[in-house]
Structures are given as C-alpha cells and as structure tokens.
Amino acid sequence: MRKTESSSRSRLFGRGLLAAVLSLTLAACGGLPQDEGREENLGTQEAALSVRLRLMAANITSGNLQSYDPGNGTRIFQGTRPDVVMIQEFNYGDNSAAAIRGFVDTAFGTGFYYYREAGAQIPNGVISRYPIIASGEWDDNQVSNRDFAWARIDVPGPKDLWVVSVHLLTSSSSIRNTEATNLVNFIKANIPTGDYLAIGGDFNTSSRTEACFSTFAQVVSTASPYPADRNGNTNTNASRGSPYDHVLVDADLRAYQTATVIGASSFSAGLVADTRVYSPISEISPALSSDSGATNMQHMAVIKDFLIPADTVTSSVTVNAPNGGESYATGSSQSITWSATGVTNVKVEYTLDGSTWSTLTSSTAASSGSYTWTVPSTTTTTAKVRVSDAANSAITDTSNANFSITTSGGGGGAAVVFINEILANEAGSDVNGEFVEIVNSGGTAADLSGWTLSDGAGLRHTFASGTTLAAGKAITVFGAAAGIPSGTVNAVAASTGGLTLGNSGDTVTLKSAAGTTVDTTTYPSSLSGTDGVSMNRSPDVTSGATFVLHTTLSSALSSPGKRANGTAY
C-alpha cells in the first residue's frame with residue numbers, strides 16, 4: 001500500500017564503557033585511592049549506568065471523532081510521562097503538521113519526536129523522547145483505514161529499539177491472527193535480531209488465549225505477569241472485562257523489565273492506567289479521576305518500564321556566571337548561568353559567607369542553562385553560587401572566586417515589569433480562578449497606579465491608585481476575590497469583575513497609566529487547552545522569555561504569587 005523505509009547502522013561497545021565498569025569494580029573492592037580535597041575534580045564523572053525506559057500502548061482518544069482533541073488522553077500522557085508511545089487513532093485538530101506538532105508538544109514536550117502514518121482515517125503512530133532514525137508503515141491487508149506503523153529509535157546504549165504500533169480488527173480472532181502472522185513476517189524480514197523490539201497497541205483481543213498471541217510469541221514474549229491497575233485488574237477495555245491493549249517485547253528487552261514506579265507507587269509488572277481507580281490521583285497530575293471514564297474512552301493505556309544499559313557518559317557541570325569579581329545590587333534580578341553535559345536536572349545554590357549554602361531550586365532543567373535570581377538584601381563580598389547534578393551531588397561546580405552584593409550599582413537599574421504567568425483555562429468551571437501574574441525583575445519599585453490589564457476583548461483590570469510593585473516581587477490579578485487561593489501574597493481581584501480569558505487563544509496586554517504598552521503576549525490553544533494548567537515564562541521570571549506549560553517547569557499546575565518552583569518572591 002505504501003513505501004516501506006529501512007536503515008542500518010552498527011555500533012561499538014567502546015573502550016570507555018569497559019574502563020568505567022573496571023573502575024566501578026575496583027572501587028567496590030577498595031582498589032581505588034580516595035582523592036580528598038580536590039573540589040576542582042568534582043565537576044566531571046564518567047560512568048556506565050542504566051536508563052529507565054517507559055513504553056506505553058495508548059488508544060485513549062475520547063469524544064466522538066476518534067481524536068485527542070477533548071484533552072482526556074492528553075492529561076493521562078502528561079501525568080504518566082512515557083518515553084515511547086505506540087499510539088492509535090493519532091488524530092488532533094485539523095491533522096495538519098502544525099496541529100500534530102502542537103499536540104505532541106503539549107502532551108509530551110517540545111523535544112519529543114514522532115511518526116504518524118499517512119493517508120489513514122485512524123492512523124497509528126509512534127512518539128518518542130529519543131530520536132527516531134527510521135520509520136514507515138507495513139501494509140495491514142485486512143483493513144483499509146490504517147497500517148502497522150513502525151519506528152527505529154536511538155535509545156541510550158549499544159542497541160536500537162524498534163517499535164510497531166498496531167490496531168487489530170474487532171471482527172474476529174481468526175482475522176486478528178492473520179494480521180499477527182503478516183506482521184511477524186514483516187518483523188522477521190526487516191528488524192535485526194540483535195536490536196530491541198516492542199509491539200504495542202490496541203489488539204482488540206477478548207482473551208489472552210487467542211491464536212494471535214501464539215503467533216506473536218515467535219518474536220516477542222507474551223507470558224505473564226501482566227500489567228495491572230491499582231486494584232490488580234489486568235483487563236484494559238472500558239468496562240475492564242477484556243485484555244484489549246498490550247505492550248509486548250522481545251526476550252532481550254524483557255530481561256531488563258522493572259517495576260513501573262510513579263510517585264510513591266510501584267507496579268511490579270507494569271500499569272494499566274485507569275484514572276477512575278488510580279490513587280492518589282495527584283501522583284499522575286494533571287490527569288483527573290474522570291479522564292478514563294470520558295465519553296467514548298474505550299481503552300486504558302498500558303505501561304511497562306525497563307532499565308536498559310546506557311552509553312558511557314561523561315557528566316559535567318560548569319558555572320559560567322557569576323564566576324567571580326561581579327558586583328550585584330541587592331534586590332536586582334540576575335541570571336545564574338551554567339553549561340552541562342550528561343546531566344538532566346541541576347540544583348542551584350548560593351552562599352553569602354562561603355560556608356552556609358541556601359537552595360534556590362532543588363531541581364531545574366540542566367538544558368535551560370540559566371536560572372533567574374533575585375539577589376538577596378544582605379550585602380557581602382564573599383558570595384558564590386554552586387550548580388550540581390540534582391541526581392548526583394558529586395558532579396558540581398562553584399564560582400571560581402567571590403563576587404559582591406552591594407546596595408547600589410551592579411546593575412540594579414530601573415523597574416522591569418512584565419507578564420510572567422497566565423492561567424486562562426481555570427480548573428473546573430470557576431472562572432474566578434483565572435489569573436495573570438505580573439513581576440518586577442528590575443532594581444527599583446514600579447508605581448502601577450492607573451495601569452491596565454486587557455485581553456483581546458477589552459479592558460479587564462485597572463490598578464488602584466497607590467499600587468506599587470517592589471523590585472523582585474510579583475502581583476497577581478485574579479478573576480474575582482473568591483478565586484484567590486488562601487495564603488496567596490499580593491493578589492487582587494479584577495476591577496471589572498472578571499478576566500474571561502480565552503481558552504482557545506487570546507492576547508493579554510499590560511499598559512501604563514499613559515496608555516503605553518509595557519508588555520503583551522499572544523498565546524495559542526496549546527498553552528491554554530488543559531484545565532487548571534497555567535502558562536509560564538521559561539526560564540521563569542525572565543522578561544521576553546517564551547511561555548510554556550507550567551507542568552514543564554515543575555510538578556505544580558500553577559504558582560500564582562510564587563516562583564514556578566514554589567519558592568516565594
């Protein structure tokens with residue numbers, strides 16, 4: 001039906017891995033001398049480690065169009081955070097490249113790759129955290145509106161992962177076995193036996209004794225134990241009476257299967273993700289308990305986790321600024337910058353006296369390379385910052401020399417006022433909870449008397465006379481006083497009685513009392529389409545930075561009146 005693509009590549013299990021393994025073995029036996037007092041050596045480590053790989057089979061569309069537009073499946077993806085998804089009924093919006101890219105960005109992240117079969121009514125596809133180096137589709141000659149979608153993925157370690165997304169017919173078990181036979185023949189002809197293999201998706205199987213499982217057993221393991229929900233139920237259809245959905249892997253990958261761990265919960269054989277019975281639901285936020293029971297949600301997602309051998313990596317962190325000699329004004333907004341290799345998240349700290357350290361963030365994305373810091377009010381000539389691997393404190397770097405914090409000079413400068421966070425799509429239907437957070441990252445207070453906040457439809461709030469925004473602080477405008485969460489600092493209700501921000505996109509504008517535009521942003525539906533999840537500057541508290549979903553910055557859905565990491569301004 002359509003062209004089949006293929007590629008080949010070889011890898012070597014380099015000498016660096018062998019050296020790392022030998023080093024770890026010697027250390028365990030006491031064979032390596034301790035190197036104390038050498039902080040300059042702590043910034044780099046070489047190791048051969050295991051990487052957790054989370055595979056998901058997902059036909060979790062809802063609504064009446066076999067698509068992911070209603071958002072129930074999106075929240076389940078966001079809450080369970082798979083690395084590779086074998087997805088069915090891969091439709092969203094108008095199915096343009098922009099719409100599909102926007103869905104992947106929202107549900108998984110902007111760094112994810114995807115393949116979606118072309119020309120199908122309910123296409124299969126693959127979404128991956130790791131690069132897809134080849135992809136295509138094999139003809140399912142038993143059905144006209146989809147095929148077998150496959151992808152070759154460059155996962156960490158010496159092997160590639162091949163995945164096949166399938167959606168077998170409901171008509172009969174014999175036809176499903178014919179489909180399985182055809183797919184097994186494609187796999188034998190195209191996939192190297194030395195690579196990993198996973199087949200996942202909606203099999204529509206009424207039992208685990210159907211003939212198709214014996215057929216699939218030629219290339220993947222079909223044996224128990226099977227993934228289960230919180231109550232131990234291994235079935236996956238809407239009524240939870242039949243095993244429709246599966247993640248099946250070959251023997252090479254099965255050897256590395258491990259428990260699926262989410263929050264404080266552990267599922268030894270993997271998870272059937274039914275939000276109706278998952279507890280505590282907060283572990284898979286922003287998923288809602290009602291999501292798996294949404295209209296026409298006919299399947300539960302299935303998850304399996306694996307700890308696969310990784311490549312030898314050299315991990316390092318280097319502080320770039322402040323690195324010694326700088327002078328910063330108290331209350332000013334400054335950027336702590338770093339470069340990192342082989343590190344996912346970093347911890348950022350500072351000291352004012354060279355010995356007592358204060359944490360700015362316990363975990364932020366290493367790839368951002370920057371953290372915006374409101375300089376404390378204490379003057380000193382012995383300040384330093386420290387950036388460390390959040391998962392391994394031995395990988396760390398500190399400013400090469402002291403820098404100063406003074407009451408004047410050092411870049412304090414004028415007020416810098418901008419929109420930092422917006423919640424347009426309130427949780428539930430309480431529009432009082434909509435908000436716009438405004439920050440002053442400059443070095444002096446700003447007089448907001450008479451300033452206005454508008455959206456695309458008109459004026460929403462006028463700041464009262466005498467309103468000031470101190471340097472390094474925030475003020476948050478809510479739809480109404482009833483929507484202001486208890487304990488929120490420096491919050492006001494919209495003077496017009498509501499914000500009424502658009503859930504499908506809008507423009508928010510902040511103007512001075514003279515009518516000059518101070519800041520404006522136009523947001524798309526991809527940032528406002530999820531109930532209760534705000535959009536936030538990234539990096540946080542950075543004028544001019546792009547907006548992203550708050551859940552890409554922290555586990556919290558929003559943070560009105562606080563930094564994205566939950567700390568106070």
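Counting begins at 1 with the first residue of the sequence. The shown structure was predicted, so the numbers you read here are calculated from the model rather than taken from an experiment.
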Candidates D455, T496, T509 - the one meeting side chain to side chain donor-acceptor pair (under 3.5 Å) with R460: D455
W138 and its ring-ring contact (aromatic ring centres under 6.0 Å, His included) partner, picked from F148, W162, F186: F186
Any side-chain donor near an acceptor of the partner, N64 and N296, under 3.5 Å: yes
Any side-chain donor near an acceptor of the partner, N432 and D430, under 3.5 Å: yes
Spacing of CG belonging to L501 relative to CE belonging to M535, to within rounding of 0.5 Å: 8.0 Å
Exercise: do Q88 and N59 side chains pair donor with acceptor under 3.5 Å: no
N536 versus S534, side-chain donor and acceptor atoms under 3.5 Å: no
Side-chain H-bond candidate by donor/acceptor type, N95 with N91, under 3.5 Å: yes
Check against side-chain contact (heavy atoms from CB on, under 4.5 Å), R230 and S265: CA-CA 9 Å; R230 173 65 76 190; S265 301; 2.6 Å; yes
Residues R563 and N420: side-chain donor-acceptor under 3.5 angstrom: no
Row check, Y226 ring normal vs R208 NZ/CZ: under 6.0 Å, within 45°: yes
Inter-residue atom distance N204.CG - E179.CD, 0.5 Å rounding: 9.0 Å
Derivation and outcome, side-chain contact (heavy atoms from CB on, under 4.5 Å), residues V439 and F418: CA-CA 6 Å; V439 169; F418 58 93; 4.1 Å; yes
H246 ring center near F213 ring center (under 6.0 Å): yes
E421 and S559: side chain donor to acceptor below 3.5 Å: yes
Ring centers of F216, F203 separated by less than 6.0 Å: yes
Spacing of R276 atom CZ and I281 atom CD1 [to the nearest 0.5 Å]: 11.5 Å
Criterion side chain to side chain contact (heavy atoms under 4.5 Å, CB included) against L161, the qualifying member of F306, Y196, Y130: Y196
Pairwise distance CE(M300) to CG(D274) - rounded to 0.5 angstrom: 5.0 Å
Stepwise side-chain contact (heavy atoms from CB on, under 4.5 Å) check, T530 with Q78: CA-CA 10 Å; T530 305; Q78 291 171 331; 3.9 Å; yes
Separation between CD1 of I187 and CH2 of W150, rounded to the nearest 0.5 Å: 12.0 Å
Salt bridge (Lys or Arg N to Asp or Glu O under 4.0 Å) assessment of D83 paired with R54: CA-CA 5 Å; D83 297 305; R54 176 164 294 172; 5.9 Å; no
Aromatic ring proximity, centroids under 6.0 angstrom, Y523 and F547: no
Parallel, tilted or perpendicular: ring planes of F77 versus F103, cut at 30 and 60 degrees: perpendicular
